[in-house]
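What follows is one structure encoded as structure tokens, with my remarks underneath.
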Amino acid sequence: FRYFLMREVPFGNDGDFSEAALVGRINSDLANDLGNLLNRTLQMIVSYSGGAVPDCDISNPRSGDALDLELRALGESTMALVDQAMETFAYDEALKYVWAFISRGNKYIDETMPWKLNKEGETKRLHCVLHTLYEVLRLAALLVAPYVPESAEKIWKQLGCTGTPLSVQIDDFRW
């Protein structure tokens, strides 16, 4: 409910509420977008790298790819935009930036086709893709934690991170 209100109603303004809108927003954003990204990524990490997040230095031109660097840059700019929005209590705007980042993560899966990389034996590239997706989810868990703390903590634990996302300062996040 908190997520719905913060996503749908600009802070300090009136808003419309209906159960249908609540269910639609939860299904669309939390289940389809974030849940889909989480489940697909974790499944691929288990299937293609034995459940361990592979190492990859995407800043190394031999390992990384322009798409990896683009996603990392989007993550960094998303953190800055979310910070600016939070400073002005524009929680709905902050969540729009977060969801644009999450949606980009889902699109990245379709563009990089990890299943194809695995089938073709492109192990180095596959490892960078999986590593990048892991980082997208780690940042997403941090960014959604103020709105859905229990779900963010579940994601955090599924990623094997220590502590809780609410205990991490966003300024301390490093890709």
ask   = So do the side chains of Phe101 and Val82 get within less than 4.5 Å of each other, counting heavy atoms only?
value = no
query = Going only through I, L, V, M, F, W and Y residues with side-chain contacts under 4.5 Å, is there a path from Leu166 to Tyr91?
reply = no
message = Contact between Leu74 and Glu70 at the side-chain level, heavy atoms closer than 4.5 Å - yes or no?
response = no
key: Pairwise side-chain contact, Leu143 with Ile170, heavy-atom cut-off 4.5 Å (strictly under)   = yes
query = In terms of the angle between their ring planes, are Phe173 and Trp175 parallel, tilted or perpendicular, with boundaries placed at 30° and 60°?
reply = perpendicular
ask   = Side-chain contact, heavy-atom cut-off 4.5 Å: Tyr108 with Thr132?
value = yes
query = When you check the gap from the basic side-chain N to the acidic O, do Asp68 and Arg125 get nearer than 4.0 Å?
reply = yes
request  = Measure the CH2-CG distance between Trp99 and Asn106 for me, rounded to the nearest 0.5 Å.
outcome  = 11.0 Å
Donor-acceptor under 3.5 Å (Thr41 side chain, Leu38 main chain) = no
query = Is Leu130 linked to Val46 within one hydrophobic cluster, defined over Ile, Leu, Val, Met, Phe, Trp and Tyr using a side-chain heavy-atom separation of less than 4.5 Å?
reply = no
ask   = Considering only heavy atoms from C-beta outward, does the side chain of Met113 approach that of Leu117 to under 4.5 Å?
value = no
ask   = Does anything in residues 140-166 pair up under salt bridge (Lys or Arg N to Asp or Glu O under 4.0 Å), and if so which pairs, sequence neighbours excluded?
value = Glu153-Lys157
inquiry  = Just to verify, what does Gln43 make a side chain to side chain donor-acceptor pair (under 3.5 Å) with, not counting sequence neighbours?
reply    = Ser47
ask   = Could you go step by step and tell me if Lys119 and Trp115 meet the side chain to side chain contact (heavy atoms under 4.5 Å, CB included) rule?
value = CA-CA 6 Å; Lys119 185 176 180 181; Trp115 53 90; over 6 Å; no
All side chain to side chain donor-acceptor pair (under 3.5 Å) counterparts of Asp172, not counting sequence neighbours = none
message = Could you tell me if the side chain of Ile109 sits less than 4.5 Å from the side chain of Pro114, heavy atoms only?
response = yes
task = Taking the side chain as every heavy atom from C-beta outward, state whether Leu159 and Val53 have any atom pair closer than 4.5 Å.
result = no
message = Please give me the minimum heavy-atom distance between Ala94 and Tyr147, naming the atom from each residue.
response = CB-OH, 3.6 Å
request  = Apply side chain to side chain donor-acceptor pair (under 3.5 Å) to Arg138 and list each qualifying residue two or more places apart in sequence or on a separate chain.
outcome  = Glu135
request  = Calculate, to the nearest 0.5 Å, the distance between atoms CG and CD belonging to Leu71 and Glu76 respectively.
outcome  = 10.5 Å
query = Does Glu111 have any side chain to side chain donor-acceptor pair (under 3.5 Å) partners at least two apart in sequence or in another chain, and if so, which?
reply = Arg104
query = Got a sec, which pairs hit salt bridge (Lys or Arg N to Asp or Glu O under 4.0 Å) with one end in residues 44-56, sequence neighbours left out?
reply = none
query = Which atom pair, heavy atoms only, marks the closest approach of Val136 to Gly105?
reply = CG1-CA, 4.4 Å
note = d(Leu126 CG, Thr112 OG1) to nearest 0.5 Å is 8.5 Å
